[in-house]
Amino acid sequence: MMRETKFVPLHFVPYDSALAEEVFPDIRNWHAEREILALTDEGEFYQGAAAWILCLWATEKYRGWSQRLASPLLRPWAEKFCRLVAENRLR
């Protein structure tokens, strides 16, 4: 994702860093070690599949996929996929 051309800049921060705690003061309450978190420039907060879809939306290559995955028909599949990746990210 970091190498993709983007419509919107993305900044990735390790969940256990001082910067993450500065940006998300109560990050420990959100269990960031389990699911991706995203914060927009407008202060909107997303977690899990919604955060993943938001990051896809920012890229030129995957914006179309983000819109499809956000649809009511595919959203449950996006949530399952995101949960599967999160549960197995250390493997």
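Side-chain heavy atoms closer than 4.5 Å link hydrophobic residues (I, L, V, M, F, W, Y) into clusters, and following such links, possibly through other members, connects V85 to W65. Linking Ile, Leu, Val, Met, Phe, Trp and Tyr whenever their side-chain heavy atoms come within less than 4.5 Å leaves F7 and L10 in two separate clusters.
Residues I36 and Y15 form no side-chain contact, since every pair of their non-hydrogen atoms from C-beta on lies 4.5 Å or further apart. Looking at L37 and F24, their side chains come closer than 4.5 Å, going by heavy atoms from C-beta outward. Put simply, the side chain of L56 does not reach to within 4.5 Å of the side chain of R63, judged on heavy atoms. In this structure, the side chains of Q67 and I53 stay at 4.5 Å or more apart for every pair of heavy atoms. Annotation: side chain of E21 is in contact with side chain of R28 (closest heavy-atom distance under 4.5 Å). At a threshold of 4.5 Å between non-hydrogen side-chain atoms, the residues V23 and V13 do not count as touching. Residues T59 and M1 are in side-chain contact: their nearest non-hydrogen atoms beyond the backbone lie under 4.5 Å apart.
Of all heavy-atom pairs spanning C82 and G48, the tightest one is SG-C, 3.5 Å. Residues Q47 and H31 come closest through the heavy atom pair NE2-O, 4.2 Å. When all heavy atoms of A20 and P14 are compared, the pair lying nearest together is CB-O, 3.3 Å.
For D41, the CG atom counts as loosely surrounded, since its 6.0 Å shell holds 12 or fewer non-hydrogen atoms of other residues, nucleotides or ligands.
Ion pairing between E79 and R83 fails under the 4.0 Å rule for side-chain N and carboxylate O.
Centroid-to-centroid, the aromatic rings of W30 and F45 come within less than 6.0 Å. Centroid-to-centroid, the aromatic rings of F81 and W52 come within less than 6.0 Å.
Here the straight-line distance linking atom NZ of K61 with atom NZ of K6 works out to 12.0 Å at 0.5 Å rounding. To the nearest 0.5 Å, atom CD of residue E87 and atom CD of residue E35 are 9.0 Å apart. Here the OH-CD distance, from Y62 to E4, works out to 5.0 Å after rounding to the nearest 0.5 Å. In this structure, OG on S66 lies 11.5 Å from CG on L74, to the nearest 0.5 angstrom. Separating the CG atom in L69 from the CH2 atom in W57 is a distance of 15.0 Å, to the nearest 0.5 Å.
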